[in-house]
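Notes follow the structure.
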Amino acid sequence: MTKKLLFLGFVMLNIVGLIPCQNSNYLMAQDLKKPILLKFWGGVPAEYGPEQTIKAFNEAYKYKGIQAEYVRFVNDDTGNIKLETTLLAGGDIDIYMTYTTSSLVKRGTGKMALELSPMLQKVGFDPVKELGEVVSTCFYDGKVYGLPTKMENYFILANKNMFDAAGIPLPESWTYDEFRATAKKLTRGEGLNKVYGMYWNTNMEIFRPSYIAQTVLGPNFLYKEGGKETNLDNPEFIKLNQMVADMMLVDKSAISHTDNVTQKLSIESTFLAGKSAMSLGVWAIRSIKDIEKYPHDFVTAYLPPPVSDKSKAKYSIGEQVIGDFICINPNSDYKDAAMEFIMWYIKGGMLNMTPYGRVPIYKGLSPETIAEMYMKNGEKILDRTTVLKFLEPAKNIAISTETNKLPEVQKVFNEALEAIYTGHKDAATALKEAKIKADKFLK
Amino acid sequence: MRLKFKLSRQARIDLTGYAFIAPNLLGMLIFTFFPFFFSLFISFTDWDYTKGLGNWSFNFGANYVEIWKDEWFIAAVKNTLIYALTVVPITIFLALVLAVIIDKYCYAKTPIKLALFMPYISNIVAVAIIWVMMYSPWGPFTLLVQKLGWKNPPRWLGDYYWALPAIILMSIWSNVGYAVLIYSSAIQGLSQEVFEAADVDGANEITKFFKITIPALSPTTFFLITTTLITSFQVFAPIQIMTRGGPGTSTNVLVYYIYTAAFTFFRMGYASTISWVLFALLLVVTLIQWKGQKKWVSYE
């Protein structure tokens, strides 16, 4: 009698689905003809690609029992905290984007990102073969916590019309001195009508100009070998940041950091409004193409970043260039379906994002298709020759993976940069002091 | 067999009562008491929340030693004290003067008080964003200062020395309405006989203000000092929106540093330690006020 009751109970539990079986959710959902709904979190505003991507996916998977929904988080400190706390609280996220290698390491080791290797093996996808040798530098201890989906080259945005009007040819390479002199030549006017040569986008992230030092310093440029000592007083950082400060405060050929902060400036309110001839921001293509929101008729060209010494610059800047790491939440109920989405996205689905600046890293897509998608709706306002050059895969790319007390080191560095850019201290003094302060955290 | 529970009348009344307070009590237990003890517990650990629950690494009070060597913490304590010790007295003094002026010399008292109260009930995020614009080089505040003769005013929020005073000014502006409202109602409750007696004795307005109004309003002043001091120690939103603690550490206050330690450095244990130090600081200040009130507050 007892055995019979136990058996009956077991059958009942199985019927209501309380006893798990392999891939239960996936299969059950399909059996019941109720599609799985994948929640995909990303930092790009929905209208700049994700909306079109999700629409295409839902169309393609209409009869396969999987659908997706996009949730946007703002890719700043607060937005990333929101994402991470939602992940840690077991929130409703299946797939999400990580934008920096340091965040990827943190999320991977913090059980916020699933180790993808076993699943990749199962679906027969070899990241190194399919995406390129360079992706192996994004693995942490051989573990794949997220797959990079895009790669282009780092560039400086330039208003070609202003260069033409000043009779300055678009450079193929340049040193800090040449760059500074060009910015000076491009500066004109006074007061509210002033047009600056350069807009260093330091309001969004004060650290942004410092990425340029990576061309000489290579990966893990904030640390000395071994990660036990910081590299903040490196002459490359001093030279670069003194130049940035001098452009802001001495030449006045760049919008000052103080103006940047107090007026909450952006590429859209400066470069796209014709207030600066050059700027930083590889992601800005989505705003450049949004003529309705940011009306302008000038042509944007892409230029290489300046280097301190052409003979020493061996690396391509890796930060922001290789990335959009796509991750799976370890707590997701639909991991297989999430992997299906990732494969679809990498192998071509993300072409829907390309008109807004995401250049696929997947080798299976032809460069011509990528170029056409990138130039879509931008023929009149993008300088095809220089732009296409930057879509080619970067060579000898520098990717940082050292994260020893990185948030603290970064805060010390940022405070030093603030002092330099506001003229409070010169670069050598500020960065030497910063190194001493930051090193204390590593001991 | 059916079990029969027979509750006494009193027990049923008690249970009904408990049922009514249960939602609130549960909320209190989960959202106040649990975090309270949990934060005390993790303040003795070096817990990184990304490592998950259970991965505590006890450091036996090392956090409480470390904070005193932490330059960011020291700067945060200094800035918080400067903020609180300027915002509180200026707000209260200004509110008192305004309340008396409105009460005695103004027509349309209610619309004026309402106008003063508006910033207090406005969303602090909106207020802070508007003040960022006010302080911008082309903003109304900067232009006003220039018109008054200061040709090259500083870049307020972008200046190492002026950023904190700029935020203090905004806080005073947004808090003063609340204090005016409290003072106004207290003033209306004052006995007119005392003022009439003073008139008979030939006291002028200034004498009456200092000798009668201020002492008679002392319980209200005490209440305002205590509450605004506590909220001043907890200032966060304007800092996060207007300066993010910068330039340098010039506007880094305690609560903002707790936020940084927790969500930028991922040191939950350390952040909890700072929270407990802030709690201790507030407790001491409040106790001093409580003891001190006997000397100057008169409940008549």
Side-chain angles (χ1 to χ4, degrees), chain A residues 76-82 84-85 87-90 103 105-113 191-192 202-203 205-206 255-265 330-331 403 405-412 414-425 430 433-434 436-437 440-441, chain B residues 47-55 66 69-72 75 125 128-139 141-142 153-163 166 237 240-252 256-257 259-268 270-271:
Chain A
D76 59 8
D77 284 354
T78 322
N80 279 295
I81 288 168
K82 186 180 163 193
E84 284 167 7
T85 42
L87 285 167
L88 287 166
S103 298
V105 172
K106 185 180 80 192
R107 288 170 191 171
T109 52
K111 293 178 188 149
M112 285 178 267
L192 280 171
T202 53
N203 176 32
E205 188 187 11
I206 195 165
I255 298 173
S256 74
H257 174 67
T258 317
D259 277 350
N260 221 329
V261 171
T262 53
Q263 296 176 57
K264 304 253 180 231
L265 299 177
N331 296 319
T403 56
K405 291 279 173 193
L406 184 61
E408 283 89 344
V409 171
Q410 195 99 54
K411 185 169 162 64
V412 173
N414 289 352
E415 281 177 9
L417 293 175
E418 212 163 23
I420 299 166
Y421 297 163
T422 51
H424 215 62
K425 284 175 188 166
E433 286 172 10
I436 297 168
K437 192 172 173 183
K440 282 185 198 160
F441 290 104
Chain B
W47 181 52
D48 172 354
Y49 76 95
T50 61
K51 300 276 182 283
L53 284 174
N55 276 328
E66 185 188 335
K69 292 181 204 150
D70 179 350
E71 288 172 36
W72 288 322
V125 177
I129 290 172
I130 288 183
W131 275 82
V132 168
M133 290 178 202
M134 298 263 290
Y135 283 134
S136 88
W138 323 108
F141 183 81
T142 314
R155 292 294 168 91
W156 312 114
L157 297 174
D159 190 287
Y160 276 76
Y161 304 107
W162 284 98
Q240 160 77 349
I241 294 154
M242 295 169 87
T243 59
R244 293 186 202 159
T249 54
S250 57
T251 57
N252 183 23
Y256 189 76
Y257 188 48
Y259 168 81
T260 310
F263 296 110
T264 305
F265 302 157
F266 305 104
R267 296 186 65 193
M268 279 290 168
Y270 193 65

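Convention: sequence-line order gives letters A, B, ...; per-chain numbering from 1.
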What part of T260(B) is in contact with chain A, defined as an atom under 4.5 angstrom from a non-hydrogen atom: side chain, backbone, both or neither? side chain
Can you tell which of D259(A), N414(A), V261(A) has the highest number of heavy-atom pairs within less than 4.5 Å of chain B? D259(A)
What part of E84(A) gets within 4.5 angstrom of chain B, counting heavy atoms only: side chain, backbone, both, or neither? side chain
Which atoms of F265(B) are under 4.5 Å from chain A, going by heavy atoms: the side chain, the backbone, both sets, or neither? both
Does any backbone or side-chain atom of Y421(A) lie under 4.5 Å from a heavy atom of chain B? Answer side chain, backbone, both or neither. neither
Might you point out which heavy atoms bring K264(A) and M242(B) nearest each other, and give the distance in Å? NZ-O, 4.1 Å
Heavy-atom pairs under 4.5 Å with chain A are the metric here; pick the option from F263(B), Y160(B), W156(B) that has the most. Y160(B)
Between P137(B), G139(B), S136(B), which shows the greatest number of heavy-atom pairs under 4.5 Å with chain A? P137(B)
Scored by heavy-atom pairs under 4.5 Å with chain B, the best of K440(A), K437(A), Q410(A) is K437(A)
Closest approach of L157(B) and T262(A), non-hydrogen atoms and distance? C-CG2, 4.1 Å
What part of V412(A) lies closer than 4.5 angstrom to a heavy atom of chain B: side chain, backbone, both or neither? both
Is it the backbone or the side chain of M133(B) that comes under 4.5 Å from a heavy atom of chain A, or both, or neither? neither
Just so I understand: if I count every heavy-atom pair under 4.5 Å between each of L192(A), L406(A), I206(A), N80(A) and chain B, which residue has the most? L192(A)
Holding to ring pair (Phe, Tyr, Trp, His ring centres under 6.0 Å), I want the full list of residues that pass it with Y256(B), two or more places apart in sequence or in another chain. F236(B), Y259(B)
Is H257(A) in contact with chain B via its backbone, its side chain, both, or neither, using a 4.5 Å heavy-atom distance? neither
W72(B) and E408(A) have their tightest heavy-atom pair at CH2-O, 3.9 Å
Heavy-atom count check: over 12 atoms from other residues, nucleotides or ligands less than 6.0 Å from K111(A) NZ? no
For the CD atom of E418(A) and the OG atom of S250(B), what is their distance to the nearest 0.5 Å? 7.5 Å
Flag the one option from I81(A), T78(A), T85(A), N260(A) with the top tally of heavy-atom pairs under 4.5 Å to chain B. I81(A)
Spatial distance of atom NZ (K405(A)) from atom CZ (R267(B)) [nearest 0.5 Å]: 5.0 Å
Using a 4.5 angstrom heavy-atom cutoff, name the option from A419(A), G110(A), S256(A) with the most pairs to chain B. G110(A)
Please give me the minimum heavy-atom distance between T249(B) and E415(A), naming the atom from each residue. CG2-OE2, 3.7 Å
